[in-house]
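Naming: A, B, ... by sequence-line order, numbering from 1 per chain.
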Number of protein chains: 2
Amino acid sequence: MIGEFEYLLIAASHRLGEDAYGASIRREVEAATERPCSIGSLYTTLDRLEAKGLVTTWMGEATSQRGGRAKRMVTVTAKGIEAASIFYRAISKVSRDISWEAQCPLSQE
Amino acid sequence: MIGEFEYLLIAASHRLGEDAYGASIRREVEAATERPCSIGSLYTTLDRLEAKGLVTTWMGEATSQRGGRAKRMVTVTAKGIEAASIFYRAISKVSRDISWEAQCPLSQE
DNA sequence: TTATAACCTCTACAATGTAACACTAATGAT
DNA sequence: ATCATTAGTGTTACATTGTAGAGGTTATAA
């Protein structure tokens with residue numbers, strides 16, 4: 001089973017489609033989690049996902065804009081979609097009927 | 001951030017309410033993931049959740065039924081609900097607009 | 001020719017996930 | 001009585017994931 005962070009990367013990549021590459025995925029993940037995602041975490045996990053065949057990556061062309069370094073593009077494989085699907089289904093299933101929010105107006109310890 | 005398995009335990013415990021204890025939580029997790037959940041995984045993770053203050057556990061009475069050993073009862077703390085909520089929100093947010101299922105009728109490699 | 005911007009790589013370590021195996025305490029059957 | 005069976009829990013060790021830090025490349029802008 002893939003982990004939580006792995007799922008975040010796969011889902012973010014899938015959402016981004018053609019525009020999925022290291023830095024954009026990172027921004028997407030940060031937007032979803034509302035907390036910083038370190039560069040190291042991201043590429044390390046991307047490497048692992050690729051090793052497991054859940055995503056494919058390749059280096060794009062350098063673009064002609066300030067800092068236009070070549071990007072590491074990402075595509076989720078069918079196997080990756082399958083893994084994400086299983087993960088998501090499990091989370092959804094165990095969470096059915098639960099509404100985490102609004103449990104306690106003022107979160108007390 | 002809590003991990004995926006930790007989330008499964010918290011959510012299952014929360015769903016079970018008064019009936020949450022080791023073995024019942026295990027069954028709930030297995031139902032959600034559709035795969036076996038080893039005993040060791042369960043208690044090890046339960047210990048960690050308790051150490052982090054995300055759940056409270058205590059030993060119940062032995063019941064008078066075959067194999068009626070004392071159960072380790074579990075309650076999710078406010079802090080645990082908070083953590084689960086954050087996890088769930090992140091997953092939901094990054095998954096918005098994605099429908100994993102029905103991507104490919106016959107999952108090809 | 002130096003600053004700044006946008007990106008990627010590598011290394012090491014901490015936290016989580018997981019299985020195997022062992023143990024306890026009750027009932028039911030012989 | 002004693003032995004199998006059922007329902008539970010605990011411990012240890014190791015594999016997999018999560019995460020940060022520091023450094024390196026390639027481009028434009030000043």
Side-chain angles (χ1 to χ4, degrees), chain A residues 1-10 12 16 19-30 33 35-52 54-55 57-74 83-84 86-87 90-91, chain B residues 1-10 12-13 16 19-30 32-33 35-52 54-55 57-74 83-84 86-87 90-91:
Chain A
M1 186 104 148
I2 59 173
E4 166 242 331
F5 193 60
E6 293 180 310
Y7 177 82
L8 290 174
L9 295 210
I10 293 177
L16 288 163
D19 302 320
Y21 62 92
S24 69
I25 292 170
R26 184 181 176 215
R27 286 189 286 268
E28 188 75 17
V29 168
E30 293 191 324
T33 61
R35 26 183 280 170
C37 162
S38 86
I39 316 273
S41 314
L42 188 112
Y43 289 103
T44 305
T45 302
L46 213 48
D47 288 342
R48 290 175 186 158
L49 288 176
E50 187 162 31
K52 288 193 278 186
L54 304 183
V55 302
T57 76
W58 71 95
M59 296 308 289
E61 295 288 306
T63 59
S64 58
Q65 57 173 281
R66 186 161 183 164
R69 183 179 175 181
K71 296 166 180 168
R72 181 165 173 192
M73 310 306 290
V74 178
I86 290 174
F87 178 98
I91 295 296
Chain B
M1 186 104 147
I2 58 174
E4 167 241 331
F5 193 60
E6 293 180 310
Y7 177 81
L8 290 174
L9 294 210
I10 293 178
S13 302
L16 287 163
D19 301 320
Y21 61 93
S24 69
I25 293 171
R26 183 180 176 217
R27 285 188 287 266
E28 187 75 19
V29 168
E30 293 192 324
T33 62
R35 27 185 279 173
C37 162
S38 85
I39 316 273
S41 313
L42 188 111
Y43 290 102
T44 306
T45 303
L46 212 48
D47 288 342
R48 289 174 185 157
L49 288 176
E50 187 162 32
K52 290 195 274 185
L54 303 183
V55 302
T57 76
W58 70 95
M59 295 308 287
E61 297 287 307
T63 61
S64 60
Q65 58 174 279
R66 185 162 183 162
R69 183 178 176 183
K71 295 166 181 169
R72 182 164 173 192
M73 310 307 291
V74 177
I86 290 174
F87 177 98
I91 296 296

Nearest-Å distance for atom pair CD1/P, residues B:Ile25 and D:dG10: 12 Å
Where along nucleotides 24-30 of chain C does protein come under 4.0 Å, by heavy atom, of base (B) or sugar-phosphate alone (S), with - for untouched nucleotides? BBBBS--
I'd like to check the side chain to side chain contact (heavy atoms under 4.5 Å, CB included) partners of A:Ile86; sequence neighbours left out, ordered by chain and number. A:Met1, A:Glu82, A:Arg89
Salt bridge (charged side-chain N to carboxylate O under 4.0 Å, His left out) partners of B:Glu28, counting only residues at least two apart: A:Arg96, B:Arg15
With B:Glu6, the side-chain contact (heavy atoms from CB on, under 4.5 Å) member among B:Leu54, B:Leu46, B:Leu49: B:Leu49
Could you state the atom-to-atom distance from CG of B:Asp47 to P of C:dA15 in whole Å? 17 Å
Using every non-hydrogen atom in the two residues, find where A:Leu8 and B:Ala90 come nearest and quote the distance to one decimal. CD2-O, 4.2 Å
Under the side chain to side chain contact (heavy atoms under 4.5 Å, CB included) rule, collect the residues that match up with A:Ser41, sequence neighbours excluded. A:Phe5, A:Ser38
Results of side-chain hydrogen bond (donor to acceptor under 3.5 Å, both in side chains) for A:Thr63 - residues two or more places apart only: none
Does B:Tyr43 have a side-chain nitrogen or oxygen under 4.0 Å from the phosphate oxygens OP1 or OP2 of D:dT11? no
Find the distance A:Met59:CE to C:dA6:P and express it as a whole number of Å. 17 Å
Taking protein heavy atoms under 4.0 Å as touching, what does nucleotides 13-21 of chain D look like 5' to 3' if B marks base contact, S marks sugar-phosphate-only contact and - marks none? ----BBBBB
Residues in ring pair (Phe, Tyr, Trp, His ring centres under 6.0 Å) with B:Phe87, at least two apart? B:Tyr7
Return the set of residues passing salt bridge (charged side-chain N to carboxylate O under 4.0 Å, His left out) with A:Asp47 (not counting sequence neighbours), or none when no residue passes. A:Arg72
How does DNA chain C look in dot-bracket form if you count Watson-Crick and G-U pairs under 3.5 Å, write [ ] for pairs that cross, and put | where a base pairs with another strand? ||||||||||||||||||||||||||||||
Salt bridge (charged side-chain N to carboxylate O under 4.0 Å, His left out) partners for B:Arg26, two or more places apart: B:Glu30
Test side-chain hydrogen bond (donor to acceptor under 3.5 Å, both in side chains) applied to A:Arg27 - qualifying residues, sequence neighbours left out: A:Tyr21
Tell me: CD of A:Glu28 to C1' of C:dC7, nearest whole Å? 18 Å
Rounding to an integer number of Å, can you tell me how far A:Leu46 CG sits from C:dC10 P? 13 Å
Taking all non-hydrogen atoms of both residues into account, name the closest pair between B:Ile25 and B:Leu9 and its distance. CG2-CD2, 4.1 Å
Does C:dC7 have OP1 or OP2 sitting under 4.0 Å from an N or O in the side chain of A:Arg27? yes
